[in-house]
Amino acid sequence: MIDLTDYSPNQRKAITSIDKHLRIIACAGSGKTTTVAGKVAYLLDPKNDFNVSPENIIAFTFTEKAAAELKTKVLENVGHFRGMANMYTGTIHGWCLKALQENEYLYQSYSVLDEIKLKLFIDKHYDSIGMKEISKLSNPSVPLRRFVDTSLFVKIMDIIRESDNNNLPTNLQLAKKKYEAKLKENKFFDFSMILEKALENLESKTNLFSNIQSNLKYLIVDEYQDINPIQNKLIQKLQHISNCNLIVVGDDDQNIYQWRGSNNKYIINFEKNFSENSVQSIPLSENYRSSPGITKIAETLISNNKERIPNKQMLSAEKQNFERGKDILYNRYESVEEENRAIAQYINDIIGVPFTDGNGTRGLAFSDISILLRTWNKAESIVQALEDHNIPYITAGVNQLFDTPEIEAALGIFSFLYSDIDEEELELKWVSLPNNSLNKRNLQKAIENLKEKFPNLPSVDKNWEYSLQKIFWDFIYTSEAFEEAFIIETSNALFERTKERAEIMFFNFGKFSQVISDFEEINFNSSSPRFHLFSFLSFVNYVARDYYPEGWLNNPYKTPNAVQIMTIHQSKGLEFPVVILPGLNKNYLPAKKRGGLNEWHFLDRQLIVDQQRYERDPDKEDERRLLYVALTRSKKYLLLTQAPDLNNRLYKIESEYIQELNRARDGVFPVMISDKKFRFSNETKITPQPQEKVNNIALDFTTLKDIFDCPYRFKLVSVFGFRYPLNQRMGVGRSFHNCLMELHKRGKNGEIFNTEELQDLIDRQIHFPYLTNSIKLQEPLRKKVEKNVIEYHKDNHYDFEHIEFIEQDIQYKLDENILVLGRIDLIKKIKSNGQHETIIIEFKSDEENADLPITRDQLKLYALGHRELTGETADYIMTYVIGENKVKTPEKLYPEDLQEIEDKIRKSVNFIWSENFLKTNDFKKCNSCYQVRLCSRSINKEIKVRK
DNA sequence: GATCGCAATTTTTTT
DNA sequence: AATTGCGATC
């Protein structure tokens with residue numbers, strides 16, 4: 001399976017030593033992920049006969065992105081039909097959530113609030129959520145304020161739940177209790193609560209406990225230097241319960257998340273947790289990424305830190321050569337303007353310089369260059385300079401979404417409804433959008449329609465389904481403001497430009513749709529239309545404005561050839577041929593400690609163990625590590641610049657770290673200081689060629705279905721990100737689904753249900769998140785689910801013993817960079833005529849058209865995943881339509897079906913790669929497509945748009 | 001050269 | 001609210 005000679009001696013040692021706990025100290029660029037993937041493959045290799053199967057291994061990563069990378073690498077090393085879907089690879093949070101939902105029936109109906117929705121939720125319940133319980137230490141009569149101090153409250157709740165703390169005072173205990181009770185009442189988790197509850201669950205002899213005890217053999221934790229106390233507790237707990245081998249991987253010099261409580265003491269003192277002979281530490285000191293110049297300069301800097309693993313080193317494997325006086329430059333300028341101009345100049349000069357790596361020699365392109373920032377407020381002036389020099393760039397942190405004309409126009413719809421602006425102003429916002437060919441009559445029609453939604457109209461006032469999302473979608477539909485309306489149809493370059501601009505515009509509309517969705521998921525129907533509108537506008541103005549980054553980036557389906565601007569934190573784990581590090585001033589890097597009201601004015605420092613980790617350390621070791629991370633991102637070229645900021649007194653003096661870099665001048669100092677003699681403009685150039693980026697994508701069935709039906713719908717939903725309007729009836733399908741899941745799990749264990757137990761089960765699983773003030777709907781919806789579950793139980797309970805899998809995760813690696821993911825509702829194995837027959841079952845609610853060929857596609861896809869999991873091919877597929885409760889005959893599955901669906905997926909993915917988002921010609925599909933109202937097809941007379 | 005007062009300025013982000 | 005830089009003052 002894997003060839004051990006592909007690895008360095010120490011990598012090999014890390015892969016093959018499997019008896020002891022292992023600490024792998026992996027320096028930057030040391031092939032960490034490759035080694036971990038190799039280790040997993042080695043453990044699973046049947047030839048080695050270690051008796052390890054995928055469900056015996058858990059691998060924690062820091063981010064989902066890192067998880068996807070590791071998953072792909074592992075699958076490259078492991079063959080087919082090995083049940084890899086049963087190995088968990090993902091974040092700690094992801095694991096805890098899955099563990100809770102699979103083992104505790106109560107948590108199946110919970111959903112997780114991200115930061116923005118959590119804040120909305122807290123503000124909505126300000127009076128009862130415990131915020132008032134916390135007041136200023138210096139003045140107990142001043143409690144945390146609604147809206148203003150919500151972030152502080154979130155921080156405090158996180159700190160007291162994720163840190164090791166001493167006995168909390170009663171007010172904090174009460175606040176925590178109220179906070180968690182409120183979340184629970186609404187079936188929400190926040191991120192900390194997932195960890196807390198999972199840990200709690202492991203304290204007693206639960207299903208989860210015995211599951212871990214009997215299954216877990218190897219626990220891999222990546223980025224171990226960034227672990228915080230509660231995560232550490234969880235890892236320890238898992239180890240104690242299962243007595244598994246612990247493999248921790250990380251680099252203490254790259255601990256940069258300490259303000260979240262992460263602590264590199266865990267990796268530094270790892271060995272002390274275990275008896276002497278049971279633990280081994282292996283350094284991966286060879287850096288395959290960077291030139292000796294880069295490793296030298298980085299080593300020099302970090303050696304000033306005291307709190308680190310002793311006797312560490314990083315050696316360049318010399319995959320890149322080092323040319324002194326050219327590769328690494330440190331230039332100083334008179335002003336920031338001059339500095340930025342010089343950066344733009346440097347970029348233009350270095351484009352086309354020959355660059356050689358494992359894939360041969362090519363000319364450097366824009367996408368090889370990254371500008372790394374300590375803080376975002378540095379970005380604006382740099383962006384300006386790049387624009388002046390016509391340099392393409394992408395950036396993810398400059399908040400200008402709400403300043404774009406399209407978002408101002410979209411927001412205008414709601415300002416108009418709230419009577420902040422009049423009809424003319426709204427119309428003006430839309431007709432002055434760039435490149436638009438909007439029809440004025442349609443626009444006026446859309447505005448006329450809006451007038452029926454004024455919140456002060458008596459008819460509207462009583463409407464509990466006042467959906468801002470629907471108003472937004474209807475406006476686009478009626479005004480016919482489709483993507484094409486912003487493209488100028490000419491045959492020259494202008495056409496291409498307007499096409500691109502229209503795409504960005506719709507991407508931003510999609511983002512706006514998400515803003516509405518985030519708001520309405522928390523506040524749907526909770527107040528009168530007028531107040532709903534008012535809260536939304538306040539949310540946009542006070543919260544959303546600096547929360548949602550602007551559009552056309554972070555787009556997994558499109559990687560433009562452009563300079564990447566990001567923070568040093570975001571660059572963790574990435575690498576670039578060219579790294580530019582501007583603004584090396586005091587107070588910027590190291591950053592100045594932030595002033596202002598903070599959580600420690602409300603939370604006594606004494607209560608928290610290792611409290612100082614949350615604030616900047618006096619030795620500035622944290623910031624030094626940050627610079628270290630930045631330096632080690634570079635493969636070869638590094639430009640450091642400094643200039644006094646004439647407009648800001650804080651940023652005038654050179655960073656103290658420059659002197660530390662300077663101290664390495666032992667005759668081989670690699671930096672050329674300040675003489676600006678070297679210019680790439682004199683170098684020979686070849687054709688710039690962006691590195692072929694292998695974009696791994698994971699597709700689930702919902703996404704595939706969009707592409708199958710209509711690639712343009714995929715674009716609207718997955719590329720642009722439009723969100724469907726919410727309605728009160730939502731939750732019926734999921735409630736029923738969750739009831740069946742519990743029923744099946746317990747039924748499989750031989751449990752028999754009486755009426756009362758069945759009722760309990762239903763009560764526990766029923767959840768209609770958007771149903772509030774209107775009581776009228778509550779009962780009918782409830783009855784509907786109840787009736788269906790009871791009938792289903794009556795018709796099927798005799799068969800529960802034949803269940804083989806419930807809610808089984810599947811994954812199928814279609815080719816190098818396509819991973820298909822899914823979850824099968826139910827798999828039964830029935831013995832008939834002395835032979836076992838496997839049936840894959842999917843439940844569909846009666847609103848969905850279960851007979852469509854698309855459902856058969858879904859089942860075939862699941863059969864593919866099932867084969868990957870078990871090595872067997874299922875015999876039948878079957879759809880069970882909820883509500884009809886008609887037992888349908890299973891359909892025979894043929895081997896050709898699997899081949900057919902594979903080809904179909906391949907074809908679809910090619911659509912995505914070629915960015916060919918064609919609209920379907922099958923008008924029947926348009927008739928059943930809700931998104932058609934965002935699409936120019938809706939003008940077609942043959943197409944009926946559903947109400 | 002030390003000290004004081006005053007005005008200007010003030011992060012990082014994943015789950 | 002805290003930190004910083006800088007000019008005024010001792």
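Each chain gets a letter, A, B and so on, in the order the sequences are listed, and its residues count up from 1. We use all heavy atoms of the structure for the numbers below, so side chains are in, but hydrogens, waters and symmetry mates are not.
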What is the separation between atom CD1 on A:Ile92 and atom C1' on B:dT14, rounded to the nearest whole Å?
12 Å
Examine B:dT14: is either OP1 or OP2 under 4.0 Å from a nitrogen or oxygen in the side chain of A:Lys65? Give yes or no.
no
Once you apply a heavy-atom cut-off of 4.0 Å, does A:Glu115 come out as touching a base, just sugar-phosphate, or nothing?
base
Above 12 or not: heavy atoms from other molecules or residues under 6.0 Å from OH of A:Tyr542?
no
Counting only heavy atoms from other residues, nucleotides and ligands, does the tally under 6.0 Å from CD of A:Gln606 exceed 12?
no
Audit row: A:Ser109, A:Lys187, side-chain hydrogen bond (donor to acceptor under 3.5 Å, both in side chains) steps and yes/no
CA-CA 7 Å; A:Ser109 49; A:Lys187 301 203 171 208; 2.8 Å; yes
Between A:Asn587 and B:dT9, is there a side-chain N or O to OP1/OP2 distance below 4.0 Å?
no
Less than 3.5 Å between a donor and an acceptor, one on the side chain of A:Arg374 and one on the base of B:dT12, is that the case here?
yes
Under 3.5 Å, is there an N or O donor on one side and an acceptor on the other linking the side chain of A:Arg260 and the base of B:dT13?
no
Distance to the ring centre below 6.0 angstrom and angle to the axis at most 45 degrees; does that hold for A:Lys572 and A:Phe62?
yes
Separation of A:Glu623 atom CD from B:dT10 atom C1', in whole Å?
13 Å
Name the closest nucleotide to the A:Thr91 side chain, picking from B:dT10, B:dT15, B:dA7.
B:dT15
Does A:Trp95 make a side-chain N or O approach to OP1 or OP2 of B:dT15 shorter than 4.0 Å?
no
Counting only side-chain nitrogens and oxygens, does A:Asn598 get under 4.0 Å of the OP1 or OP2 atom of B:dT10?
no
Short side-chain N/O contact from A:Lys592 to OP1 or OP2 of C:dT3, under 4.0 Å
no
Protein-nucleotide distance (A:Lys652, atom NZ; C:dT4, atom C1'), rounded to Å:
13 Å
